[in-house]
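A short write-up of the structure that comes next.
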Amino acid sequence: MYCKTMAETSDIYEKVMEVARRRGFVWPSSEIYGSIAGFIDYGPLGAMMKRNIENLWRSFYVFQEGYYEIECPTVGNEAIFVASGHVKEFADKMVQCPHCGEYLRADHVAAENGIENAGTLSSGALQAVLCELPCPACKEHLGEAGVFAFNLMFETTIGPGSQRKGYLRPETAQGIFTDFPRLLRFYRDKLPFGAVQIGKSYRNEISPRQGMIRLREFSQAEAEIFVHPDEKDHPAFHRYADYAAPLLTIARQIDNQEPAGITMRAAVDEGLIANEYVAYYIALTHQILTAIGVDPAKLRFRQHLTDERAHYAADCWDAEVFSGRFGWVEIVGIADRTNYDLRSHAGHSGTSMTVFVPYDEPKRVMKRRIVADMGVLGPRFRGRAKAVADALAASDPGEGGARITLDGEEIFIPADLYQVREEEVEIRGEEVMPHVIEPSYGIDRMIYVALEHSYAEEEVDGEMRKVLRLPPAISPVQAAVFPLMNRDGLDAIAQTIAERLTRCRILAQYDDSGAIGRRYRRQDEIGTPFAVTVDYDTLEDNTVTVRDRDSMEQVRIPVERLPEVLSALISGAITFHELRA
RNA sequence: GCAUCGAUGGUCUAGUGGUAUGACUUUGGCCUUCCAAGCCAAUAGCCCGGGUUCAAUUCCCGGUCGAUGCACCA
């Protein structure tokens, strides 16, 4: 009865999650009261690994790129999300069939019945259309079933009396946009600049059934980079110009082709990627994802199809990682969002969201000014005189006078009530509304794919060895320290070594329980890259063995060199193989 | 959200209208000079709520979580 292929594909997920649960990476949240789908706890090792991944991300975006991190509340007032479009757009119009109780997407039912532009109809219009249509489940007429919006944002109220509506943010980005004027000051009024935020976001998913992949509370790492709309060349593009990444362009998707490895320079030159900024962050993302242990052979960058991408976006690429369980999973979205967000917030808030960009040389232009004769206008228009003068200034006067419109009333102003002056004005620059380049990372998904891709089973002496081949930089524990025997003072030496390593900020775990082989296996399973063993030779010459998780090979080094050697191994400054040589 | 199926120590599992099998793990002890060795012992379990019944882990209903299909996925 059960589909065998499904059982096989879910294998890797089951295995990874079994280890993750048992060893303290990921747990169902509030398990003792019954967990709720879409919420997870990170256990001790998971929380450590998550922090390591976030720090690796920081090392790129904050340290390399110089985009400072900010931290905004997860609860935002309604106005933010009205402006961002989430209140209106981040919702599905739904209808419940009065006969069978089925929940349906109202616009989909309409579209299936040949209604044009069903997706753009208002709730009221949909309601009218749906009355006569049959429920796709039970075929009865939907009748007066009410169309309601199911918004994916969690709603809350702020303050006593619950007067004020708030939402849990569905993305961290809005906090950066709403701080734009402050950030602009912070970066001393110059483009380009960027800000990043790592934090929780919330989406009340209808049916989150994909474990760690689709969560209702999840962590994002987002960067918003504000650039001049006409200057989308990245100042450090040379860093990734020759970096090749597998690109699944729109054309290749239409032709059903595989992604092609292509350098960023070529991709921009050939117009495959909209600009250097987008290309730059595609390459940087490739670097980050492979650094956390994603298999490069299972990584691709897929360009959003024209109808898939938001109408305001100039270009959008998803970093997709292949999961044995979920297929190609979107991990990162990299979009050129143009000035959509800033324009929207400027409009709704009335706050200027522009940057004054001075010209190299101030421009002198002849400008025609229309100056009203207030001495006459004042008495004639009284309270409206100022408005008339302003309208006049913006008008285009004809021969005998100017026609202006004020409060819907057309007024003719004779030419003798104003002067037209041709003046030379100096223009020092212009107000520019920046465009936004947005790389947006799903941290939880990064953690899952890092675990899945690093999970390995191999046979050693007839026994199965489970090992997480995590890159040392993201392994929750970086070194294990064992006494070969739990006696003859070996244990005391090993404990001293473990303490010394932790003082050097290498997270080391001491373990003297059970046979040495068992202890190696325990650490293999949680991805600890290196294990130090104190043996009887240590008593003679003060050397210990360092064992490499992946090759299970060992090398002897003096105890005093341990912090230095392990640090180099963990940072990748040297490889274990080079150490052995 | 609907439909089908499932849920037994930490993990994987056997089984049952009369409180539960085995293995692994874990802890303590013995042993052990580098990859889950051996011996002894201990800890620990029937998803939650209601119903039927003298008695429910088992049967029924509802819920939660998970798998699958449909729907959904800004």
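Naming convention: chains lettered A, B, ... in sequence-line order (proteins, then strands); numbering from 1 in each chain.
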- Message: Counting distance alone, no hydrogens or angles: does the base of C34(B) have a donor or acceptor under 3.5 Å from a partner atom on the side chain of Q554(A)?
- Response: yes

- Item | Nucleotide of C34(B), A36(B), C35(B) approaching R518(A) most closely (side-chain heavy atoms) | A36(B)

- Whole angstrom is fine here: how far is it from CZ in R519(A) over to P in C35(B)? 12 Å

- Message: Please classify the glycosidic conformation of U11(B) as syn (within 90° of 0) or anti (everything else).
- Response: anti

- Mind calculating the distance between NZ (K466(A)) and P (U11(B)) to the nearest angstrom? 12 Å

- Report the distance from atom CZ of R21(A) to atom P of C47(B), rounded to the nearest whole Å. 16 Å

- Query: Going from CG on L470(A) to CG on L451(A), what distance comes out if it is rounded to the nearest 0.5 angstrom?
  - Reply: 6.0 Å

- Message: Distance check needed: C31(B) C1' versus R487(A) CZ, whole Å only.
- Response: 9 Å

- Side chain of I516(A) (C-beta onward), nearest among C35(B), A37(B), U68(B): C35(B)

- Query: Distance under 6.0 Å and angle within 45° of the ring axis: does R547(A) meet both against Y520(A)?
  - Reply: yes

- Query: Of all the choices, A67(B), U33(B), C65(B), which nucleotide is nearest to the side chain of M485(A) once you look at every atom?
  - Reply: U33(B)

- Item | C1' gap between U26(B) and C2(B), integer Å | 43 Å

- Task: Output yes when at least one side-chain N/O atom of R23(A) is less than 4.0 Å from OP1 or OP2 of U11(B), else no.
- Result: no

- Message: Taking pairing as Watson-Crick or G-U wobble with both contacts under 3.5 Å, can you name the mate of C39(B), or confirm there isn't one?
- Response: G29(B)

- Lys/Arg-Asp/Glu bridge criterion (N-O < 4.0 Å) met for E18(A), K466(A): yes

- Interatomic distance, E553(A) CD vs C34(B) C1' [rounded to whole Å]: 14 Å

- Mind checking the C1' distance from U11(B) to U53(B)? Whole angstroms is fine. 35 Å

- Message: I'd like the P distance from C48(B) over to A37(B), given in whole Å.
- Response: 35 Å

- Distance between P atoms of A20(B) and U58(B) (Å, rounded): 15 Å

- Task: Look through every strand shown and name the nucleotide pairing with U52(B) as Watson-Crick or G-U wobble, where both distances are under 3.5 Å.
- Result: none

- As its Watson-Crick or G-U partner within any shown strand, both distances under 3.5 Å, G9(B) has none

- Query: For R522(A) and U26(B), is the shortest distance between a side-chain N/O and OP1 or OP2 below 4.0 Å?
  - Reply: yes

- Note on the structure: Between T533(A) and the options V544(A), I516(A), T538(A), the side chain to side chain contact (heavy atoms under 4.5 Å, CB included) test singles out I516(A)

- Item | Candidates C34(B), A37(B), A67(B) - which lies nearest the side chain of Y13(A) | A67(B)

- Quote, to the nearest angstrom, the C1' distance that separates C12(B) from C46(B). 15 Å

- Item | Strand partner of U57(B), provided both Watson-Crick or wobble distances fall under 3.5 Å | none

- Run the salt-bridge test on R325(A) and E452(A) with the 4.0 Å N-O cut-off and return the result as yes or no. no

- Task: Please state whether the phosphate of U26(B), meaning OP1 or OP2, lies under 4.0 angstrom from any side-chain nitrogen or oxygen of S513(A).
- Result: no

- Message: Applying the Watson-Crick and G-U wobble criteria at under 3.5 Å, what pairs with U68(B)? Answer none if nothing qualifies.
- Response: A3(B)

- Query: Between R22(A) (CZ) and U13(B) (P), how many Å, whole number?
  - Reply: 13 Å

- Query: Given atom CZ of R216(A) and atom C1' of C65(B), what is their separation to the nearest angstrom?
  - Reply: 12 Å

- Message: Can you identify which nucleotide, out of C34(B), A36(B), U11(B), has its nearest atom closest to the E18(A) side chain?
- Response: U11(B)

- Which class fits the ring pair F530(A) and F576(A): parallel under 30°, tilted 30 to 60°, perpendicular over 60°? parallel

- Item | Inter-nucleotide P distance (G50(B), C24(B)), Å rounded | 38 Å

- Message: Are more than 12 heavy atoms, taken from residues, nucleotides or ligands other than D461(A), located less than 6.0 Å from that residue's CG atom?
- Response: no

- Item | Opposite nucleotide pairing with C46(B), Watson-Crick or G-U, both atom distances under 3.5 Å | none

- If the P atom of G6(B) is compared with that of U13(B), how far apart are they to the nearest Å? 15 Å

- Nearest-Å distance for atom pair CG/C1', residues D512(A) and C34(B): 15 Å

- Query: Out of A36(B), G66(B), U33(B), which nucleotide sits closest to the side chain of E525(A)?
  - Reply: A36(B)

- Note on the structure: By the Watson-Crick or G-U definition, both distances under 3.5 Å, A20(B) is matched with none

